[in-house]
> 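Pasting a structure below so you can have a look.
Computed from a predicted model, the values in this text were never measured in an experiment. Residues take their numbers from the sequence shown, with the count starting at 1.
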Amino acid sequence: KPLASLAASEAVDWSKVHVFFGNERVAGETAGKCAKGALEDFVAACGIPSANVHEVPRIGNEGIRCAQDAATAYEKVLRAQPSNVLGQSTLGLPAVDLLLLGTGPDGHTGSLYPDSIQ
């Protein structure tokens, strides 16, 4: 929600901002939780066009049967972006200008949990 306060910034042309997700749930009751929060709290407030919001496919949609299918489909979405939207690293991987990561109450971020063997 604090990001919504950025909407008043005249330094950003929000019509050119694209939103991608790197830590999204693809199954179960919480599927799409990150996108939902971003859409409600940030995207709408800033006036980012819905065409510029690139959600991770969810299981059961678009022929997605498992998390690997979702990852493969989203990789195609990322790689299909023009260079003025999503750059490319020297290794040929998609490169973003800004990455925002939230943290959970236990200090986890990006589904990396403290004291976890994962």
> Considering non-hydrogen atoms only, spot the tightest contact between Ala70 and Pro57 and give its length.
CB-O, 3.5 Å

> Taking C-beta and beyond as the side chain, do Ile64 and Val26 meet within less than 4.5 Å on heavy atoms?
no

> Is there a donor-acceptor contact under 3.5 Å from the side chain of Glu24 to the main chain of Lys33?
yes

> Shared ILVMFWY cluster between Val19 and Leu6, side chains joined below 4.5 angstrom?
yes

> For the pair Ser83 (side chain) and Gly87 (backbone), establish whether a donor and an acceptor sit closer than 3.5 Å, ignoring hydrogens and angles.
no

> Atom CG in Asn52, atom CZ in Phe20: separation rounded to 0.5 Å?
8.5 Å

> How long is the gap from NE2 on His18 to CD on Gln81, to the nearest 0.5 Å?
6.5 Å

> With the side chain counted from C-beta on, respond yes when His54 and Phe21 share a heavy-atom pair under 4.5 Å apart, and no when they do not.
no

> Which atom pair, heavy atoms only, marks the closest approach of Arg65 to Ile59?
O-CG2, 3.8 Å

> I'd like to check Arg79 versus Leu86 (side-chain heavy atoms, cut-off strictly below 4.5 Å). Are they in contact?
no

> Which pairs would a plain distance check flag for residues 7-14, meaning a side-chain donor or acceptor within less than 3.5 Å of a matching protein atom at least two apart in sequence or in another chain?
{"unit_1": "Ser9", "atom_1": "OG", "unit_2": "Ala11", "atom_2": "N", "d": "3.1"}
{"unit_1": "Asp13", "atom_1": "OD1", "unit_2": "Ser15", "atom_2": "N", "d": "3.1"}
{"unit_1": "Asp13", "atom_1": "OD1", "unit_2": "Ser15", "atom_2": "OG", "d": "2.6"}

> Is a side-chain donor or acceptor of Tyr74 paired with a backbone partner of Gly22 at a separation under 3.5 angstrom?
no

> Flag yes if Leu91 and Val96 sit in one hydrophobic cluster, no otherwise; membership is Ile, Leu, Val, Met, Phe, Trp, Tyr, and two members link when side-chain heavy atoms are under 4.5 Å apart.
no

> Roughly how far apart are Leu78 CG and Gln88 CD, rounded to 0.5 Å?
11.5 Å

> Is it the case that one hydrophobic cluster holds both Leu98 and Leu93, taking links as side-chain heavy atoms less than 4.5 Å apart, direct or via other members?
no

> To the nearest 0.5 Å, how far apart are CG in Asp69 and CG in Asn61?
12.0 Å

